[in-house]
Amino acid sequence: MVIRTAEEKDMPELLDIYNYEVEHGLATFDLNPKTMEERLVWFREHNVGNHPLIVAEEDGKAVGYASLSSYRPKEAYAATVELSVYIDRDYRRRGIAGELSDAILEIAKERDDIHTVISVITGGNEASIRLHERLGFIHCGTIREVGVKFGKMLDIENYQMLV
């Protein structure tokens, strides 16, 4: 496996990975699949400033990605970023999420313009919670019944790391 900076050529795989989670999973509260145009806007907001986007490549294709994105639009939040990690369903449980997370957190620690990394995890996602705790994130609180997906009210768990 190679971890590298995401390139536009990766977008078909990244779109498929994300849209699978939109339609079948709870890692995102998006309810409708994204179009390539919408995800290209997202892509172009990354690898600019303190918003890196990296991929794990296996078998010649992107099988997972990690990004640090804007946490909130107000200027005072500029040094705070939100971590997202998504893995292709056929490549899960191989340690890829951990390797991507380690790599993107190393990038964050090397930058002077990142101070805080936030991760918002859907309540009940024990694998993601265990990963974040292993990485050194601290649980900062639960917001109860904040979203509805697949007909169920869902909590979010907020995690934070100072880098």
Short question: side chain of [X], backbone of [Y] - any donor-acceptor pair under 3.5 Å?
{"X": "Asn19", "Y": "Val22", "answer": "no"}
{"X": "Thr122", "Y": "Leu26", "answer": "yes"}
{"X": "Thr28", "Y": "Asp30", "answer": "yes"}
{"X": "Asp88", "Y": "Ile17", "answer": "no"}

| When clusters are formed by joining ILVMFWY residues with side-chain heavy atoms under 4.5 Å apart, either directly or through shared neighbours, do Met153 and Ile143 land in the same one? |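 In one cluster with Met153: Ile143, no.
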
| query | Any side-chain heavy atom of Tyr18 within less than 4.5 Å of one from Trp42? | reply |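 Of all side-chain heavy-atom pairs linking Trp42 with Tyr18, none is under 4.5 Å.
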
Salt-bridged, [X] to [Y], with N to O below 4.0 Å?
{"X": "Asp113", "Y": "Arg111", "result": "yes"}
{"X": "Glu82", "Y": "Arg72", "result": "no"}
{"X": "Glu21", "Y": "Arg92", "result": "yes"}
{"X": "Glu58", "Y": "Arg94", "result": "yes"}
{"X": "Lys61", "Y": "Asp16", "result": "no"}

| Ser69 and His51: side-chain donor and acceptor closer than 3.5 Å? |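 Looking only at side-chain atoms, His51 and Ser69 do not form any donor-acceptor pair under 3.5 Å.
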
| request: Apply the side-chain contact (heavy atoms from CB on, under 4.5 Å) test between Leu68 and each candidate in Ile118, Ile54, Leu53, Leu83; give the one that qualifies. | output: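 Passing option: Leu83.
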
| Residue pair Tyr159, Leu135: steps toward the side chain to side chain contact (heavy atoms under 4.5 Å, CB included) verdict | CA-CA 11 Å; Tyr159 279 79; Leu135 293 167; over 6 Å; no

| Between OH of Tyr77 and NZ of Lys74, what distance do you get to the nearest 0.5 Å? |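 So the OH of Tyr77 and the NZ of Lys74 are separated by 7.0 Å.
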
| request: List the steps, then state whether side-chain hydrogen bond (donor to acceptor under 3.5 Å, both in side chains) holds for Thr80 with His115. | output: CA-CA 6 Å; Thr80 300; His115 179 72; over 6 Å; no

